[in-house]
Each structure stands twice: as structure tokens, then as C-alpha cells.
S.K.: 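Take this structure first; my questions come after.
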Amino acid sequence: MFEEREIKLDSSWSERLKGDFETGYMAELREFLREQEKLGKTIYPAGDEIFAALNATAFEAVKVVILGQDPYHGPGQAHGLCFSVRKGISVPPSLQNIYKELVADVGFVPPDHGCLSEWAEQGVLLLNSVLTVEAGLAGSHQGRGWETFTDSIVNHLSVDATGIVFILWGNYAQKRGAMIDRDMHLVLESVHPSPLSASRGFFGNHHFSKSNEYLLAQNKAAIDWQLST
């Protein structure tokens with residue numbers, strides 16, 4: 001599904017992650033994806049969008065990290081940014097709840113779409129822990145190597161940058177973020193925005209306003225969370 005010679009990755013990330021692409025775990029991950037394709041499995045997102053989050057937000061530009069789990073597994077949904085869907089695709093339930101919290105927290109006006117690329121352009125790294133999924137099977141590519149790769153991304157940000165906000169929703173994201181240096185960065189945690197858990201602490205977490213308060217204290221520009229229609 002992706003080969004090293006075909007990978008188009010922003011140079012700020014490719015230099016830092018070069019060693020990961022040369023490891024055995026990545027070779028095994030490539031082989032797994034090849035086998036899935038040979039078996040006729042549909043994999044999301046498309047190959048040229050697997051690293052979309054990194055290409056949308058260069059390393060030096062990262063101000064906020066929102067850590068998701070794995071891509072949406074429905075047709076047309078996943079496009080490489082966690083929680084985001086392309087315009088024209090119905091807004092998924094978890095993102096609807098994110099919008100509700102934004103309304104209460106920062107006076108957000110929900111758009112008629114679920115595309116979060118404007119956040120990525122401002123320095124919000126929308127990173128899933130697992131970067132691919134089989135159509136219709138949530139979590140189907142967990143434990144195949146992606147977690148090691150995205151842990152490396154989080155570690156580079158934790159060690160080589162300062163003053164980043166890491167937003168970790170749910171136990172899965174919080175476990176992945178255990179390595180973050182909390183003296184150097186702000187870590188915001190709550191339950192996941194899923195309809196199954198949002199009412200138990202996601203609503204009212206004020207993570208969006210808290211992120212901006214911290215960024216301003218770090219002499220960084222705040223994120224304009226409002227999305228254009």
C-alpha cells in the first residue's frame with residue numbers, strides 16, 4: 001500500500017522518522033498491508049492520504065496535538081486527519097459532540113461539514129495512533145506496527161519541541177500519551193467524545209479554550225477553532 005520510494009512526506013518529518021522507515025517493524029507493516037490488498041480487502045484511507053496529518057502540519061508548526069485511535073472505517077470518511085471527514089460526508093457522532101463542546105466553550109458556530117483541515121493548517125496535528133483500517137472493521141489494523149510509528153512521532157514532539165498542547169480523549173489516547181514530558185508541555189485529558197462516554201466528562205472539559213490560554217502564555221498564536229462553512 002505504500003513503499004518507501006513512493007512515500008511523500010514533509011521533510012520536517014521525514015528527517016526525524018527516517019530511522020523508523022528502515023526498521024523491521026515497518027517492513028512487517030508494509031508486508032501486512034500488501035497481503036491485505038492481495039486478499040482484496042478495502043483499506044482506508046487511500047495510500048496517498050495515510051500520512052496526510054504529517055503533511056498538513058509540519059513539525060515546527062505543531063502547536064496542538066489531538067490524538068485519535070484509528071481511521072473511520074466507512075466509505076468516503078477517512079482522509080488522514082483524525083476525527084475529520086471530507087466535505088459532503090455526514091458529520092460522525094463523535095465529531096458532532098466535539099462541535100457541541102466547541103459551542104459551549106468558545107462560541108463555535110457548527111458548519112455544515114466535518115472537515116478539520118483548517119485546524120491542521122494552523123498547527124493542530126490531527127494524528128491517529130493507527131493510520132489504516134479495513135473497511136467496516138474498526139481497530140482491524142491495531143497491533144501491526146502503526147502504534148510504534150506514531151509513538152515515535154509523539155516522542156519526537158515531546159523531546160524536541162516545547163510548549164505543545166496534547167489533547168488526549170479516552171483511555172487509549174491517554175496510554176499512548178504516557179511518555180509526554182508534562183513539565184515541557186500541557187496535557188489535557190478527558191473521556192472520549194463518543195456518544196457512549198461524552199456525558200461522563202467530555203462535555204464541559206473546556207479543552208479548546210484551555211489550549212488557547214496556554215498557547216498565548218507561551219507567546220504563540222491561539223487557534224481559531226471556528227471552521228468556515
Side-chain angles (χ1 to χ4, degrees), residues 42 44-46 49-50 52-53 56-57 63-142 150 165-177 187-213 215 222-229:
T42 299
Y44 298 133
E49 293 178 324
I50 291 175
T57 311
K63 296 191 287 188
V64 177
V65 178
I66 298 179
L67 193 60
Q69 190 160 341
D70 59 353
Y72 293 123
H73 53 84
Q77 290 182 308
H79 67 126
L81 307 179
C82 74
F83 293 105
S84 179
V85 292
R86 285 190 185 83
K87 291 183 178 181
I89 301 294
S90 297
V91 178
S94 290
L95 184 53
Q96 290 180 28
N97 285 337
I98 290 170
Y99 282 0
K100 289 177 183 177
E101 175 58 22
L102 279 160
V103 170
D105 189 18
V106 297
F108 180 80
V109 178
D112 60 358
H113 63 83
C115 183
L116 307 181
S117 60
E118 290 175 59
W119 293 358
E121 292 164 4
Q122 296 180 73
V124 181
L125 180 63
L126 297 165
L127 182 67
N128 276 315
S129 293
V130 177
L131 299 188
T132 57
V133 69
E134 181 181 338
L137 289 175
S140 50
H141 289 185
Q142 290 180 16
T150 53
V165 182
F166 289 87
I167 296 178
L168 310 177
W169 295 326
N171 291 332
Y172 186 87
Q174 288 157 25
K175 288 176 183 176
R176 303 250 67 85
V187 178
L188 299 174
E189 299 178 328
S190 79
V191 299
H192 195 276
S194 161
L196 299 174
S197 57
S199 62
R200 301 200 302 270
F202 178 78
F203 294 131
N205 66 23
H206 301 290
H207 282 180
F208 303 100
S209 59
K210 288 177 180 177
S211 294
N212 279 345
E213 289 168 7
L215 292 174
I223 302 299
D224 180 2
W225 296 107
Q226 183 60 53
L227 298 165
S228 58
T229 57

S.K.: For a quick test of reading the model, state the closest non-hydrogen atom pair linking Gln122 to Ala222 and the distance between them.
M.R.: OE1-O, 4.3 Å
S.K.: Could you tell me whether the side chain of Ser140 and the main chain of Glu134 form a donor-acceptor pair under 3.5 Å?
M.R.: yes
S.K.: Measure across Thr132 and Pro45 and return the closest heavy-atom pair with its distance rounded to 0.1 Å.
M.R.: CA-CD, 4.3 Å
S.K.: So, taking the atom named CG in Asp105 and the one named CZ in Phe203, what distance separates them when rounded to the nearest 0.5 Å?
M.R.: 12.5 Å
S.K.: Taking the side chain from Gln77 and the backbone from Ile89, do they hold a donor-acceptor pair closer than 3.5 Å?
M.R.: no
S.K.: Checking ring-ring contact (aromatic ring centres under 6.0 Å, His included) between His192 and each of Phe83, Trp169, Phe202, Tyr172, which is the one that passes?
M.R.: Phe83
S.K.: Calculate, to the nearest 0.5 Å, the distance between atoms OG and OH belonging to Ser94 and Tyr99 respectively.
M.R.: 12.5 Å
S.K.: CZ of Arg86 to SG of Cys115: how many Å apart, nearest 0.5 Å?
M.R.: 9.0 Å
S.K.: Calculate, to the nearest 0.5 Å, the distance between atoms CG and CD belonging to Leu137 and Gln142 respectively.
M.R.: 11.5 Å
S.K.: Determine yes or no for a side-chain-to-main-chain donor-acceptor pair under 3.5 angstrom, with Ser84 supplying the side chain and Leu81 the backbone.
M.R.: no
S.K.: Would you indicate whether the side-chain heavy atoms of Asn97 and Pro195 approach each other to under 4.5 Å?
M.R.: yes
S.K.: For the residue pair Leu126 and Ala53, what are the closest heavy atoms and their distance?
M.R.: O-CB, 3.3 Å
S.K.: Hey, are the side chains of Phe108 and Leu227 touching, using non-hydrogen atoms and a 4.5 Å cut-off?
M.R.: yes
S.K.: With the side chain counted from C-beta on, respond yes when Leu116 and Leu95 share a heavy-atom pair under 4.5 Å apart, and no when they do not.
M.R.: yes
S.K.: Is any side-chain heavy atom of His141 closer than 4.5 Å to one of Asp70?
M.R.: no
S.K.: What's the separation between atom NE2 in His206 and atom OG in Ser190, rounded to the nearest 0.5 Å?
M.R.: 11.5 Å
S.K.: First locate atom CD1 of Ile167, then atom CD of Glu189, and finally report the distance between them rounded to the nearest 0.5 Å.
M.R.: 11.5 Å
S.K.: Measure from the side-chain N and O atoms of His207 to the backbone N and O of Leu168, and report whether any donor-acceptor pair falls under 3.5 Å.
M.R.: no
S.K.: Does Val130 form a side chain to side chain contact (heavy atoms under 4.5 Å, CB included) with Thr150? I'd like the steps, not just the answer.
M.R.: CA-CA 7 Å; Val130 177; Thr150 53; over 6 Å; no
S.K.: Could you walk me through whether Leu67 and Ser129 pass the side chain to side chain contact (heavy atoms under 4.5 Å, CB included) test, one step at a time?
M.R.: CA-CA 7 Å; Leu67 193 60; Ser129 293; 3.8 Å; yes
S.K.: Can you see which heavy atom on Val85 is nearest to which on Ser90, and at what distance?
M.R.: CG2-O, 3.9 Å
S.K.: Judged by atom type as modelled, is there a donor-acceptor pair below 3.5 Å linking the side chain of Ser209 to the main-chain atoms of Val106?
M.R.: no
S.K.: One pair to check against side chain to side chain contact (heavy atoms under 4.5 Å, CB included): Val64 and Trp119. What are the steps and the verdict?
M.R.: CA-CA 9 Å; Val64 177; Trp119 293 358; over 6 Å; no
S.K.: Please lay out, stage by stage, how Asn205 and Leu188 fare under the test side chain to side chain contact (heavy atoms under 4.5 Å, CB included).
M.R.: CA-CA 9 Å; Asn205 66 23; Leu188 299 174; over 6 Å; no
